[in-house]
Peer 1: 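Submitted below is the structure of interest, expressed as structure tokens.
Read the numbers this way: they start at 1 and go in the same order the structure lists the ligands and their atoms.
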Amino acid sequence: MSEHCPVCQHHLIARGERFYCASCQRDFAAKAICPDCGQSLQILKACGAVDYFCPNGDGLISGRRVVFKPLSESL
Ligand SMILES: [Zn+2]
Ligand SMILES: [Zn+2]
């Protein structure tokens with residue numbers, strides 16, 4: 001799976017929950033997406049662990065299954 005920069009379409013480098021564009025030298029926040037329904041996941045942080053919860057009824061999603069997409073606007 002690869003993502004492309006929303007600004008220049010260059011291939012993005014995944015860095016945990018962020019994406020980096022070597023062409024723009026910009027960092028993009030990543031959005032957690034449910035692999036089952038494609039909707040945004042709620043991120044639950046507890047005791048150093050992160051859980052992802054689908055509000056559409058798919059329940060808790062394992063971090064390994066979560067799909068990360070770059071947000072179109074950079075910060
Ligand atoms: Zn770029
Ligand atoms: Zn879902």
Peer 1: Please check if the number of heavy atoms outside Gln9 that lie under 6.0 Å from its CD is greater than 12.
Peer 2: yes
Peer 1: Measure the shortest side-chain to side-chain distance between Pro70 and Cys5 over non-hydrogen atoms and say whether it is less than 4.5 angstrom.
Peer 2: no
Peer 1: Taking the side chain as everything from C-beta on, heavy atoms only, tell me whether Leu44 gets closer than 4.5 Å to Leu60.
Peer 2: yes
Peer 1: Give a yes/no answer: is there an N/O/S atom of Asp58 under 2.8 Å from the Zn ion (ligand 2)?
Peer 2: yes
Peer 1: Is Val50 reachable from Phe19 through a run of hydrophobic residues whose side-chain heavy atoms are each under 4.5 Å from the next?
Peer 2: yes
Peer 1: Could you please compute the angle at the Zn ion (ligand 1) from SG of Cys5 to SG of Cys21, rounded to 10°?
Peer 2: 110°
Peer 1: Check whether any side-chain heavy atom of Leu12 sits under 4.5 Å from a side-chain heavy atom of His4, and report yes or no.
Peer 2: no
Peer 1: Nearest 10° is fine: what angle sits at the Zn ion (ligand 2) between SG from Cys34 and SG from Cys54?
Peer 2: 120°
Peer 1: Taking both backbone and side-chain atoms into account, decide whether His10 has an N/O/S atom under 2.8 Å from the Zn ion (ligand 1).
Peer 2: no
Peer 1: Need one value: angle at the Zn ion (ligand 1), Cys24 atom SG versus Cys8 atom SG, rounded to 10 degrees.
Peer 2: 110°
